[in-house]
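Report on one structure; see the data block that follows.
One-based numbering, in listed order, for ligands and for the atoms of each. Note that the structure is a prediction, hence the values are computed from the model and not measured.
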Amino acid sequence: MQDVQKEKLRLKFLGCLLGAAIGDALGARWEGRRMSRSEDIVFLAERLEQLIYTDDTHMTIGVAESLIESKGFDGEHMAQTFIKNYDAEPWRGYGPGPPRIFRMIKDGEAWYSAANRLYRGGSFGNGSAMRVAPVGLLYSRDLEKLREIAYQSSSITHSHELAREGASLQACAVALAVNTPSDEDIDKEAFLSKLQNFIPNQLYQEKLAQIKELLGEQDKAKVIAVLGNGIEAPRSVPTAIYCFLRQPQSYKDAVIYAISLGGDTDTIAAMAGAISGAYLGIDAIPPEWLAKLENKDYIESLAQKLWQLAICPA
Ligand code: AR6
Ligand code: MG
């Protein structure tokens with residue numbers, strides 16, 4: 001790869017992880033609300049002194065740390081990284097499931113089986129899709145490997161098929177965004193077709209078809225009714241992809257629109273922000289938002305190390 005190509009890729013890696021963290025931190029202020037006006041979200045974003053992220057980013061950091069330290073996926077290492085991070089900052093707003101799984105693993109359950117004991121058939125919450133962006137970045141040039149690692153990283157806490165497929169779909173969207181040059185317009189239909197070819201699950205297939213139908217839709221209530229804005233992976237991952245595809249040329253518009261839909265705003269904005277940042281690169285993120293992000297330098301350093309690993313695998 002030429003140096004100029006490598007540098008463009010670096011900016012995309014930074015844009016993805018920082019874009020996800022900012023989406024999470026901005027969205028967290030609106031979590032659980034109904035629809036909001038874009039002007040109100042922008043107004044609050046301008047007034048906030050600091051952008052404090054939640055479990056979405058905390059776990060994304062864990063995924064990135066583990067992939068970097070292990071030079072690839074190591075389930076035991078990733079599970080222990082999640083546990084270490086959770087023990088240090090349990091107040092980040094974790095969903096109900098993961099802390100229970102961390103306890104089981106601490107008590108001796110294997111990392112690959114603990115999650116099966118939660119809920120019926122494992123969790124289908126969006127907790128494994130919200131943190132999967134580093135997998136999408138690192139394996140963007142090998143979608144079968146990406147699928148396998150997305151499944152496995154999901155299985156640590158979310159073993160239900162809908163969570164595993166949701167995580168792989170989000171990782172694939174990040175990878176396609178990374179692989180599309182930012183000075184090239186996104187072909188929305190081609191982007192959706194590639195996702196449809198990638199995902200075997202029927203429900204996600206239907207959701208991707210609905211995204212296409214909704215691209216010109218002005219009525220947010222209809223978007224929410226069809227795609228959802230909830231905590232379940234199938235009611236949030238397709239929504240995040242939609243938020244990106246609606247306004248692919250503006251990171252700010254994609255994230256603000258995601259938050260304006262209400263519901264699980266931090267997670268949907270984090271996932272939309274990850275895809276948008278991966279396409280447009282860090283330069284598309286408003287500098288005043290970047291400057292206010294908690295632990296920005298650390299998140300940036302993780303993105304940088306992931307990039308180094310991606311261009312020069314061990
Ligand atoms: N059956 C019934 N309900 C379920 C099932 C199931 N098989 N699986 C999940 N749920 P959880 P997360 C419901 O606990 O995915 C933070 O706020 C159930 O109500 O695995 O890590 C983040 O910002 C369960 O409590 O947590 C994200 O928004 C819920 O889905 C979110 O939490 C969440 O599943 C991530 O949560
Ligand atoms: Mg959330």
Side-chain angles (χ1 to χ4, degrees), residues 19-34 36 41 51-63 78-79 81-83 85-86 89-105 109 111-133 135 150-151 153-171 201 203-204 224 227-240 243 255 258-275 294:
I22 289 173
D24 170 28
L26 283 176
R29 306 296 295 233
W30 302 86
E31 192 178 6
R33 303 235 200 146
R34 298 164 74 94
S36 306
I41 300 164
L51 296 180
I52 311 280
Y53 59 78
T54 76
D55 59 318
D56 301 52
T57 302
H58 200 210
M59 293 202 84
T60 305
I61 287 173
V63 171
M78 193 173 281
T81 305
F82 289 160
I83 291 171
N85 289 352
Y86 174 75
E89 297 175 352
W91 45 265
R92 289 275 180 195
Y94 281 73
R100 289 168 58 196
I101 288 170
F102 300 156
R103 167 56 47 209
M104 285 188 240
I105 295 175
E109 185 84 35
W111 69 267
Y112 49 81
S113 61
N116 296 329
R117 295 164 57 126
L118 204 69
Y119 310 117
R120 192 180 287 268
S123 172
F124 51 65
N126 55 22
S128 61
M130 74 186 186
R131 67 178 188 233
V132 82
V135 174
Y151 284 171
S153 69
S154 178
S155 295
I156 301 172
T157 52
H158 294 68
S159 57
H160 196 287
E161 184 194 350
L162 290 174
R164 285 158 49 97
E165 292 293 343
S168 74
L169 183 61
Q170 170 66 12
N201 179 274
L203 178 57
Y204 285 107
I224 298 165
L227 297 179
N229 62 358
I231 201 171
E232 307 87 353
R235 287 176 29 84
S236 50
V237 175
T239 314
C243 293
V255 163
I259 297 172
S260 79
L261 295 178
D264 196 358
T265 47
D266 54 341
T267 302
I268 298 172
M271 294 190 291
I275 306 168
E294 178 194 16

So, Tyr86 and His58: side-chain donor and acceptor under 3.5 Å apart, yes or no?
no
Numbered in order shown, the ligand 1 atoms found under 4.0 Å of a heavy atom of Thr267 are 22 (C), 23 (O), 27 (C), 28 (O)
Students should be able to answer this: which protein heavy-atom is nearest to atom 24 (C) of ligand 1, and at what distance?
Tyr119 OH, 3.2 Å
For ligand 1, does Ala163 get within less than 4.0 Å through its side chain, its backbone, both, or neither, judged by non-hydrogen atoms?
neither
Which residue and atom name correspond to the protein heavy atom nearest atom 22 (C) of ligand 1, and how close is it?
Asp55 OD2, 3.2 Å
Check the orientation of Tyr94 and Phe102. Use parallel for under 30°, tilted for 30 to 60°, and perpendicular for over 60°.
perpendicular
Looking only at protein heavy atoms, which one is nearest to atom 28 (O) of ligand 1, and what is the separation?
Asp264 OD2, 2.5 Å
Apply salt bridge (Lys or Arg N to Asp or Glu O under 4.0 Å) to Glu232 and list each qualifying residue two or more places apart in sequence or on a separate chain.
Arg235
So, Arg164 versus Ser155: side-chain donor-acceptor pair below 3.5 Å or not?
yes
Compare all side-chain heavy atoms of Ile275 with those of Cys243 and state whether any distance is below 4.5 angstrom.
no
Check the pair Ser36 / Arg29 against side chain to side chain donor-acceptor pair (under 3.5 Å), numbers first and verdict last.
CA-CA 12 Å; Ser36 306; Arg29 306 296 295 233; over 6 Å; no
One residue to check: Glu232. Relative to ligand 1, which of side chain, backbone, both or neither has a non-hydrogen atom less than 4.0 Å away?
neither
Tell me which one of Gly122, Gly127, Ser123, Gly97 gets a heavy atom nearest to atom 9 (C) of ligand 1.
Ser123
Determine whether any heavy atom of Pro96 lies closer than 4.0 Å to an atom of ligand 1.
yes
Could you check whether atom 19 (O) of ligand 1 has a protein contact, counting only heavy atoms that fall below 4.0 angstrom?
no
Nearest neighbour in protein (non-hydrogen) for atom 6 (C) of ligand 1
Phe124 CE2, 3.2 Å
Which protein non-hydrogen atom lies closest to atom 35 (C) of ligand 1, naming both residue and atom, and how far is it?
Asn126 OD1, 3.3 Å
Begin from the C-alpha positions of Trp30 and Asp266 and carry the test side chain to side chain contact (heavy atoms under 4.5 Å, CB included) through to its verdict.
CA-CA 7 Å; Trp30 302 86; Asp266 54 341; over 6 Å; no
Considering only non-hydrogen protein atoms, determine which one is nearest to atom 15 (O) of ligand 1 and report residue, atom name and distance to 0.1 Å.
His158 NE2, 2.7 Å
What protein N/O/S atoms are found closer than 2.8 Å to the Mg ion (ligand 2)?
Asp264 OD1, Asp266 OD1, Thr267 OG1
Between Thr267 and Asp56: side-chain donor-acceptor atoms closer than 3.5 Å:
yes
One finds that the ligand 1 atoms under 4.0 Å from a non-hydrogen atom of Gly93 are 16 (C), 17 (O)
At less than 4.0 angstrom from any non-hydrogen atom of Asp56, what atoms of ligand 1 do you find?
22 (C), 23 (O)
Whether the Thr157 and Arg131 side chains hold a donor-acceptor pair (N or O, under 3.5 Å, no angle test) is what I'd like checked.
yes
Give the intermediate values and the outcome of side chain to side chain contact (heavy atoms under 4.5 Å, CB included) for residues Ile41 and Leu26.
CA-CA 8 Å; Ile41 300 164; Leu26 283 176; 5.8 Å; no
Flag the pair Arg92 and Glu89 as a salt bridge only when some basic side-chain nitrogen lies within less than 4.0 angstrom of an acidic carboxylate oxygen.
yes
Partners of Arg34 by salt bridge (Lys or Arg N to Asp or Glu O under 4.0 Å), sequence neighbours excluded?
none
If you count the atoms of ligand 1 from 1 in the order shown, which ones are under 4.0 Å from a heavy atom of Glu31?
17 (O)
Give the residue, atom name and distance (to 0.1 Å) of the protein heavy atom nearest atom 36 (O) of ligand 1.
Gly95 CA, 3.8 Å
Mark up the atoms of ligand 1 that fall under 4.0 Å of a heavy atom belonging to Pro98, in ascending order.
21 (O), 26 (O)
Give me the residue, atom name and distance of the protein heavy atom closest to atom 29 (C) of ligand 1.
Ile231 CG2, 3.9 Å
Tell me whether atom 13 (C) of ligand 1 lies less than 4.0 Å from at least one protein heavy-atom position.
no
Without placing hydrogens or testing angles, list every side-chain donor-acceptor pair under 3.5 Å for residues 115-123, not counting sequence neighbours.
unit_1	atom_1	unit_2	atom_2	d
Asn116	OD1	Ser159	OG	2.9
Arg117	NH1	Glu109	OE1	3.0
Ser123	OG	Gly125	N	2.9

Pair Ser236, Asp264: side-chain N/O donor-acceptor within cut-off below 3.5 Å:
no
Numbering the atoms of ligand 1 from 1, which are under 4.0 Å from a heavy atom of Asp266?
23 (O)
Side chain to side chain, Leu51 and Ile22, heavy atoms closer than 4.5 Å:
yes
Decide yes or no on side chain to side chain donor-acceptor pair (under 3.5 Å) for Asp24 and Thr57, but give the supporting numbers first.
CA-CA 7 Å; Asp24 170 28; Thr57 302; 2.6 Å; yes
